[in-house]
Amino acid sequence: MTTTPTSVFAPPVAVPVHQRVAELTATHIGPWQEGYLNDRSQAVAALARLRRGAGREAGETPDLWNLIDTDALHTPAAGTRALGEQELVRAENALHAALTLWAFHQQSRGAPMHRRHTRERPGGLGAAVRRLMPADGIDEPVRKRLVRAGTAPDLVSLTQRLRDIVVLLRREDISLDYALLASQLYCWQWPDGPGAVRRRWGRSFHEQRRPRPASDENTTLDTDKDAL
């Protein structure tokens with residue numbers, strides 16, 4: 001007797017929360033960044049509002065509540081599940097921190113300050129900090145800024161210390177993967193998270209060993225569009 005094989009369907013794998021945070025961050029930044037670089041008034045105004053929240057807790061800036069859409073975190077979609085209260089709070093905190101830091105980074109820059117990480121062009125925080133340094137040495141004060149960020153006692157302090165690093169990155173037109181950063185900020189808020197994130201930043205730092213190519217040095221465009 002011939003037996004017809006039974007198809008076995010594996011249950012769908014739930015999308016990790018940190019990945020959902022990263023994807024939502026990229027979804028927000030994409031149109032804002034394009035609009036800002038094309039001098040669209042709505043995007044310019046949105047970035048001005050976002051910058052006011054940099055280095056502050058999400059709940060401290062009510063003006064951003066209707067700007068940062070978190071519905072995707074509250075509404076399960078295919079391959080996702082409903083998030084618990086702690087997950088939601090930490091996801092919203094990470095999203096807020098990443099978006100406001102990006103807006104501060106993008107201010108008055110004529111090239112995109114958010115770009116996705118690739119193996120060929122590492123976009124992690126550690127790699128970005130390494131690119132601030134000479135190819136043949138270590139700038140110790142800059143390195144200490146990264147170490148200080150990694151030892152922050154809470155997310156607000158961490159965001160404020162990251163803002164100090166972003167000042168340097170913006171000055172040199174060095175971009176960062178803010179979707180990746182958002183996912184790491186989410187992980188950072190859990191027990192054992194700070195240590196894991198510090199290790200990722202350390203690995204990222206050592207990934208970036210080559211000097212910054214001249215073609216990757218974005219041209220600065222100084223405008224008055226941010227005086228809002």
Side-chain angles (χ1 to χ4, degrees), residues 16-33 36 43-75 80 82-107 113-114 124-126 128-129 144-170 176-198 200-201 226 228:
V17 181
H18 70 85
Q19 184 178 327
R20 291 171 64 176
V21 172
E23 291 171 353
L24 186 56
T25 301
T27 297
H28 277 78
I29 290 178
W32 280 337
Q33 184 163 262
Y36 183 85
V44 173
L47 264 72
R49 291 169 63 187
L50 285 167
R51 286 196 303 274
R52 298 184 194 116
R56 303 173 64 183
E57 290 185 358
E60 289 184 5
T61 48
D63 182 50
L64 301 184
W65 293 351
N66 65 344
L67 183 63
I68 300 177
D69 186 357
T70 60
D71 284 354
L73 298 174
H74 293 262
T75 306
T80 66
L83 301 184
E85 181 63 22
Q86 278 193 321
E87 290 174 318
L88 276 172
V89 169
R90 289 167 175 170
E92 290 171 349
N93 286 343
L95 180 66
H96 170 90
L99 291 178
T100 55
L101 284 169
W102 163 74
F104 178 71
H105 195 168
Q106 188 64 61
Q107 181 182 12
M113 292 296 100
H114 162 68
L125 180 67
V129 170
K144 286 182 178 178
R145 285 180 181 267
L146 181 62
V147 172
R148 186 168 178 267
T151 56
D154 52 56
L155 186 63
V156 173
S157 298
L158 173 59
T159 306
Q160 291 168 346
R161 294 176 187 185
L162 290 176
R163 189 179 184 276
D164 293 339
I165 293 175
V166 169
V167 169
L168 302 179
L169 298 178
R170 186 177 68 183
L176 189 64
D177 186 339
Y178 277 93
L180 174 60
L181 180 64
S183 73
Q184 293 173 342
L185 294 179
Y186 172 78
C187 296
W188 189 90
Q189 297 172 78
W190 291 94
D192 300 324
V197 172
R198 282 196 297 269
R200 291 171 191 167
W201 289 347
D226 296 288
L228 299 179

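Please read these numbers as outputs of a predicted model, since none were measured by experiment.
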Original post:
Can you tell me how far the CG atom of Asp154 sits from the CD atom of Glu57, to the nearest 0.5 Å?
Top reply: 8.0 Å
If you look only at distance, which donor and acceptor atoms sit under 3.5 Å apart when one is on a side chain in residues 158-169 and the other is two or more places apart or in another chain?
from, atom 1, to, atom 2, distance (Å)
Thr159, OG1, Leu155, O, 2.8
Gln160, NE2, Gly55, O, 3.3
Arg161, NH1, Arg148, O, 2.8

Original post:
Between atom NE2 of His114 and atom CG of Leu180, what is the distance when rounded to the nearest 0.5 Å?
Top reply: 10.0 Å
Original post:
If you measure from OG1 on Thr25 to OH on Tyr178, what distance do you get to the nearest 0.5 Å?
Top reply: 11.5 Å
**OP:** Locate the shortest heavy-atom distance separating Thr27 from Pro31; write the atom from each residue and the value.
**Re:** O-CD, 3.1 Å
Subject >> All salt bridge (Lys or Arg N to Asp or Glu O under 4.0 Å) counterparts of Asp192, not counting sequence neighbours >> reply: none
Subject >> Flag, side chain of Gln189 to backbone of Leu185, donor-acceptor distance under 3.5 Å >> reply: yes
Original post:
Mind checking what makes ring-ring contact (aromatic ring centres under 6.0 Å, His included) contact with Trp32, not counting sequence neighbours?
Top reply: His28
Subject >> Test item: side-chain donor near acceptor, Trp102 and Gln33, under 3.5 Å >> reply: yes
Original post:
CG/Asp69 to NE2/His74 distance, rounded to the nearest 0.5 angstrom?
Top reply: 9.0 Å
Original post:
Do the side chain of Glu87 and the main chain of Gly84 share a donor and acceptor less than 3.5 angstrom apart?
Top reply: yes
Original post:
Given the rule in the side chain to side chain contact (heavy atoms under 4.5 Å, CB included) test, do Arg56 and Val156 qualify, once you have shown the distances and angles that lead to the verdict?
Top reply: CA-CA 6 Å; Arg56 303 173 64 183; Val156 173; over 6 Å; no
Subject >> Flag side-chain contact, heavy atom, 4.5 Å: Arg20 against Tyr186 >> reply: no
Original post:
For Ala58 and Asn93, which heavy atoms make the closest approach, and how far apart are they?
Top reply: CB-OD1, 3.9 Å
**OP:** Without swapping roles, check the side chain of Arg170 against the backbone of Phe104 for a donor-acceptor pair under 3.5 Å.
**Re:** yes
**OP:** Rounded to the nearest 0.5 Å, what's the gap from CZ on Arg51 to CG on Leu64? Could you check?
**Re:** 11.5 Å
Original post:
Does the pair Arg90 and Trp188 meet the rule for a side chain to side chain contact (heavy atoms under 4.5 Å, CB included), with working shown?
Top reply: CA-CA 9 Å; Arg90 289 167 175 170; Trp188 189 90; over 6 Å; no
Subject >> Rounded distance [0.5 Å steps], CG in Leu50 versus CD1 in Ile68 >> reply: 5.5 Å
**OP:** May I ask you to check whether His96 and Glu60 show a side-chain donor-acceptor distance below 3.5 Å?
**Re:** no
Subject >> Heavy-atom pair of closest approach, residues Cys187 and His18 >> reply: SG-CB, 3.8 Å
**OP:** For residues Ala182 and Ala94, report the shortest heavy-atom separation together with the two atoms involved.
**Re:** O-CB, 3.5 Å
Original post:
Between Leu67 and Asp63, which heavy-atom pair has the shortest distance, and what is it?
Top reply: CB-O, 4.4 Å
Original post:
Looking only at heavy atoms, what is the nearest atom pair of Leu24 and Ala72, with distance?
Top reply: CD1-CB, 4.0 Å
